[in-house]
Amino acid sequence: EPLAAIVLLAAGIWALRAGGYSPAARWFLLLPPAAILLAHTLFADDLGIRYVLPAMPFTCLMGGIGAAWLIARAAWWGRVAAALLAVWLAVGAAAVYPDQLSYFNEAACLPGHASWISPGGGTRCGPLWLDDSNIDWGQGLVQLRQWVDAHAPGRPVRLAYFGSFPPANYLPGVQSVSIDDLLKPPAPGLYAVSAHFVARLPAIAAMTGEGGADWPSRTPPVAIVGQSYYVYDIPAAGPR
């Protein structure tokens, strides 16, 4: 979630505590998300944020209460803070478009990758923390085709794909690359590796002792397409 939204949520919780709301309103806003978060923390499989999405409407309502509370402050700083947080949210949403599915806030890049923070937040750092459907649903094939058409027309693409839609429908002649192939040092060529594999390969390398398995994490990509495909152009000498 955007840091600005989290700040507004905190302000909303403070505003509820400060008064002006009936006990019924407080229970309505606080109890359902707390119960959802607690239940899934204790009992759900550790498979993604989608389990707690039903809590989000309540956090958005409380964020709105926080914004209203800041705007209503007699001191000027409240209105300035509300305006800055609104601008932060708008800029982040516009900058990450159309790749909202891959969004991470700026904290994902701290402390070691602050230089990767962009107007779109810390999205570049998402695979450092999570994998699977938290970062990758196989989206971005259209963007990948557009990138290949613009930057590597006619070149064969080796694709490590994490998804269910047939990628050849968008990339005719694409060469499939499996996880076993990625465990070996790559042959020269143009590779497009799904973010899921980029995130998971260092752990696989550590567990299996395969020396070449983490080459995507050691090789700078020539492009990150749709925040879901890391493109590598491996020269004849091999990855750096």
Side-chain angles (χ1 to χ4, degrees), residues 1-42 44 46 48-130 133-137 139-140 195 199 224 226-228:
E1 290 301 297
L3 291 180
I6 295 173
V7 172
L8 287 171
L9 170 62
I13 293 174
W14 179 264
L16 287 175
R17 174 186 176 276
Y21 294 88
S22 68
R26 293 175 183 172
W27 282 113
F28 174 79
L29 289 168
L30 295 172
L31 183 59
I36 291 168
L37 290 169
L38 179 62
H40 287 296
T41 298
L42 294 176
D46 189 13
I49 193 174
R50 63 184 181 274
Y51 286 119
V52 298
L53 288 180
M56 297 303 176
F58 298 93
T59 63
C60 290
L61 286 170
M62 285 186 281
I65 289 172
W69 179 78
L70 287 171
I71 292 170
R73 296 299 86 200
W76 62 269
W77 63 264
R79 293 183 291 278
V80 171
L84 290 176
L85 290 169
V87 170
W88 188 0
L89 282 169
V91 169
V96 78
Y97 177 84
D99 306 317
Q100 294 93 332
L101 184 62
S102 304
Y103 177 81
F104 279 72
N105 69 40
E106 292 82 354
C109 291
L110 300 177
H113 295 84
S115 63
W116 289 0
I117 295 174
S118 72
T123 303
R124 171 71 174 82
C125 301
L128 298 176
W129 295 91
L130 300 174
S133 59
N134 296 286
I135 55 173
D136 193 354
W137 280 92
Q139 77 278 15
I224 301 174
Q227 299 298 333
S228 53

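The structure displayed is predicted, hence computed values, not measured ones. When reading the values below, keep in mind they use all heavy atoms of this one structure, side chains included, and skip hydrogens, waters and symmetry mates.
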Check your understanding: Do the side chain of His40 and the main chain of Tyr51 share a donor and acceptor less than 3.5 angstrom apart?
Key -> yes
**Study point:** Minimum-distance pair of heavy atoms, taken over all atoms of Leu9 and Met62
**Key:** CD1-CB, 3.7 Å
Exercise for review: Please say whether more than 12 non-hydrogen atoms of neighbouring residues, nucleotides or ligands are located less than 6.0 Å from CZ in Arg17.
Suggested key: no
Check your understanding: Can you name the residues that form a ring-ring contact (aromatic ring centres under 6.0 Å, His included) with Tyr103, not counting sequence neighbours?
Key -> none
Review point. Does the Trp129 side chain pair with the main chain of Ala108, one donor and one acceptor, at a distance under 3.5 Å?
Key: yes
**Study point:** Donor-acceptor contact present, side-chain Ser228 to main-chain Ala195, <3.5 Å
**Key:** no
Exercise for review: Give the minimum heavy-atom separation between Ser102 and Thr123, together with the two atoms involved.
Suggested key: O-CG2, 3.0 Å
Practice item. Examine distances only and state if a side-chain atom of Arg26 and a backbone atom of Leu16 form a donor-acceptor pair shorter than 3.5 Å. Key: yes
Practice item. State the CH2-CD1 distance between Trp14 and Ile65, to the nearest 0.5 angstrom. Key: 15.5 Å
Exercise for review: Applying side-chain hydrogen bond (donor to acceptor under 3.5 Å, both in side chains), run through Ser118 and Arg124 and close with a yes or a no.
Suggested key: CA-CA 8 Å; Ser118 72; Arg124 171 71 174 82; over 6 Å; no
Check your understanding: Has Gln100 got more than 12 heavy atoms of other residues, nucleotides or ligands less than 6.0 Å from its CD?
Key -> yes
Exercise for review: Look at the side chain of Arg73 and the backbone N and O of Arg79, then say whether any donor-acceptor pair between them is shorter than 3.5 Å.
Suggested key: no
Review point. If every non-hydrogen atom of Ala4 is compared with every non-hydrogen atom of Leu85, which pair is closest and at what distance?
Key: CB-O, 3.7 Å
Check your understanding: Nearest 0.5 Å, what's the CG-CG distance between Asp136 and Leu101?
Key -> 8.5 Å
**Study point:** Gap between atom CH2 of Trp77 and atom CG of Leu84 - 0.5 Å precision
**Key:** 12.5 Å
**Study point:** Evaluation steps, side-chain hydrogen bond (donor to acceptor under 3.5 Å, both in side chains), between Glu1 and Thr59
**Key:** CA-CA 11 Å; Glu1 290 301 297; Thr59 63; 5.7 Å; no
